[in-house]
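Letters go in sequence order (proteins before strands), and every chain restarts at 1.
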Amino acid sequence: MALFGIADCNNFYVSCERSFQPRLEGRPVVVLSNNDGCAIARSSEAKALGVSMGAPWFKIRHLTETEGLVAVSSNYALYGDLSMRVMSILADQVPATEVYSIDECFLDLDNLAVPDLTEWLRGLRSRVRQWTGIPISIGVGPTKTLAKIANHLAKTSPKAGGVLDLSRRADWREIALKRTPVSDVWGIGWQWTGLCVMNGIRTAWDLHQADDGWVRAKMGTVGMRTVMELRGVAVHGLEAEAADRQSCCVSRSFGEATAEYGHVRDALVEYAAAAAGKLRRDGLLAGIVQVFAMTDRFRRDLPQYSGSASVTLSSPSASSREIIAAALKGLDRLWKEKFAYRKAGVILLDLVRPENVPRDLFSPPPEKPDSLMSALDRIESRFGRGGVRFGLARPDAPWRMRQAMRSPCWTTRWEDVPTARLE
DNA sequence: TCTGGGGTCCTAGGACCC
DNA sequence: TCTGGGGTCCTAGGACCC
């Protein structure tokens, strides 16, 4: 029988901020999305105040006065760096890992010869805590979906000590499934939750007993896989080899909506350059550049428009120049005057490795490494992002996002590295 | 006044081919 | 004009994840 673990960082973004700002310990804290728009991470104290995931900042702002709520703008450089540190500790200790997201990692526990798995995992947990300051919880089960449920319970039940193994006892599994609302099952979102509840399926246990024909008809093969996993049949394996991504998107909401072509163009130039840079870092080329721009969907009182256009490159490329040119061609195709644009983005599709670019008689010779691009990337890695830029967009352009409360990049910018003082 | 960003996979329908 | 089956590729949309 396969044995999966999942290690999940508790309130990850908040924990990252706390590991450098101990004053945040014990207080209700939220991390805000780009533009300081809504809460995307909450400490347990903030959750206890009733702050929900995605709560708009303007609706919870009053809690700063009444409850001592602290808000920080998101700082992805910090979170990405701490994530890497946590992941490498985990990878060091178990036979194989699959980094599933910035704060989650599946563990292959199949051939781990330890006398007491739960105790051993508690040790791993405190090591991560000690070396990074990040608290994690670990769930274990015969499938990924059951491991996720175990993790959830490990996090919420004080007795578990941060670790719960559901692989050994069927009776524990039954209790766990009965205690888990169907909405908490991995793979069941709000739409399917509604569907399930309407049909009397309220817990993970109910779903695991649901009729196959019904599940297939209503939730397709994807839903059926989830049900199989709840029954202990491992449908999803551990994917230790990270597959190449299939798309790459850079998009932002603007700090302020704008109807000016020049603003949207400047933003798209930056997004296209950023997307191309990501691609080069991953060693990939894009075949298609898609751009989109849209109005503010929350402003029902204003005319709405959402346009997109895709431009096929003559041959796959990761050159900022070519990708920017294609994005601007796309912008001209989708552009409509007199709309207040609130968000725009660039999506790169049909990604391939250079060695896999399909060729035929008429294709141009393979792209030579673009020396301008590699020079640019070197400058950027040495002097920081934004050192060299395409276009001349003003740093204070109105479309730029608001980030009033961002913490310093403690671990990734020399200027921001904290200094220790001996007193 | 103020509501994020970046992904994956599956399905249905249409165009087109043999 | 009518008649059939089967395949591929593409796109748009919808579900999910973090």
Side-chain angles (χ1 to χ4, degrees), chain A residues 6 8-9 11-13 30-41 51-62 71 73-76 79-80 83 98-106 144-145 148 151-152 182-196 215-226 229 235-236 239 242-257 267 271 274-275 278-279 282 287-288 290 292 294-302 306 308-310 312 340 342-351 401-404 406:
Chain A
I6 178 137
D8 183 324
C9 302
N11 314 324
F12 182 55
Y13 296 170
V30 292
V31 173
L32 299 178
S33 64
N34 283 333
N35 275 323
D36 295 337
C38 58
I40 53 170
V51 175
S52 55
M53 187 65 171
W57 172 228
F58 70 90
K59 285 188 184 169
I60 55 174
R61 184 171 209 153
H62 64 277
S73 304
S74 38
N75 181 347
Y76 290 103
Y79 312 150
S83 169
E98 173 190 341
V99 176
Y100 177 65
S101 74
I102 193 164
D103 68 337
E104 281 174 89
C105 185
F106 284 107
K144 285 180 164 179
T145 305
K148 289 278 264 184
N151 181 277
H152 216 108
V182 71
S183 58
D184 286 357
V185 174
W186 188 44
I188 306 297
W190 66 278
Q191 295 272 23
W192 287 355
T193 296
L195 181 77
C196 283
V215 173
R216 256 180 218 290
K218 299 290 183 180
M219 296 157 65
T221 56
V222 179
M224 196 57 221
R225 276 179 212 155
T226 295
E229 287 240 322
V235 178
H236 304 290
E239 311 201 357
D244 282 338
R245 60 157 106 228
Q246 298 173 24
S247 67
C248 168
C249 170
V250 174
S251 75
R252 295 280 179 279
S253 295
F254 300 152
E256 274 171 46
Y271 304 163
K278 275 198 208 178
L279 225 53
D282 291 352
I288 296 174
Q290 191 176 323
F292 65 88
M294 56 178 81
T295 51
D296 188 342
R297 68 200 157 102
F298 294 103
R299 290 295 298 272
R300 291 279 165 71
D301 53 322
L302 295 179
S306 168
S308 80
S310 61
T312 303
R342 183 67 209 286
K343 179 174 180 172
V346 174
I347 304 172
L348 305 180
L349 298 163
D350 267 21
L351 307 188
M401 62 184 180
R402 298 182 291 264
Q403 280 203 311
R406 206 188 68 187

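Using a 4.0 Å heavy-atom criterion, one finds that Ile347(A) contacts no nucleic acid atom at all. Within 4.0 Å of Val185(A), counting heavy atoms only, lie sugar-phosphate atoms of the nucleic acid but no base atom. Contact annotation for Ser74(A): no contact, since no heavy-atom pair falls under 4.0 Å across all strands. Within the nucleic acid shown, Asp36(A) has no heavy atom closer than 4.0 Å to any nucleic acid atom. At the heavy-atom level, Arg61(A) lies nowhere under 4.0 Å from the strands shown. When heavy atoms are screened at a 4.0 angstrom cut-off, Lys144(A) is found touching no nucleic acid atom at all. Nucleic acid contact class of Gly189(A) (heavy atoms, under 4.0 Å, all strands): sugar-phosphate only. Within 4.0 Å of Lys59(A), counting heavy atoms only, lies no atom of the nucleic acid at all. Within the nucleic acid shown, Lys218(A) has no heavy atom closer than 4.0 Å to any nucleic acid atom.
Using C1' as the reference atom, dG4(C) and dC17(B) are 15 Å apart when rounded to the nearest Å.
Checking Arg225(A) against Asn34(A), the closest nucleotide of DNA chain B that is more toward the 5' end is the one next to Asn34(A). Comparing Ser247(A) and Tyr76(A) by the nucleotide of DNA chain B that holds the closest heavy atom to each, the one mapping nearer the 5' end is Tyr76(A).
Using cut-offs of 30° and 60° for the angle between ring planes, the Trp186(A) and His236(A) rings count as perpendicular.
Ion pairing between a basic and an acidic side chain is recognised when a charged N comes within 4.0 Å of a carboxylate O; Glu229(A) and Lys148(A) show no such pairing.
The nucleotide range of DNA chain C contacted by chain A, defined by atoms under 4.0 angstrom from heavy atoms of the protein and reported 5' to 3', is dA15(C) to dC18(C).
A donor-acceptor pair is defined here as one N or O able to donate and one able to accept, closer than 3.5 Å; such a pair exists between the side chain of Asn151(A) and the backbone of Ile6(A). Of the possible polar contacts, one joining the Ser83(A) side chain to the Ile102(A) backbone as a donor-acceptor pair under 3.5 Å is found. Under the 3.5 Å distance criterion, the side-chain polar atoms of Arg342(A) are matched with a main-chain donor or acceptor of Phe254(A). The closest donor-acceptor contact from the side chain of Asn35(A) to the backbone of Ser253(A) lies under 3.5 Å.
The side-chain heavy atoms of Thr145(A) and Arg225(A), taken from C-beta on, include no pair separated by under 4.5 Å.
With a 3.5 Å ceiling on both atom-pair distances, the Watson-Crick or G-U wobble partner of dC18(B) is dG5(C).
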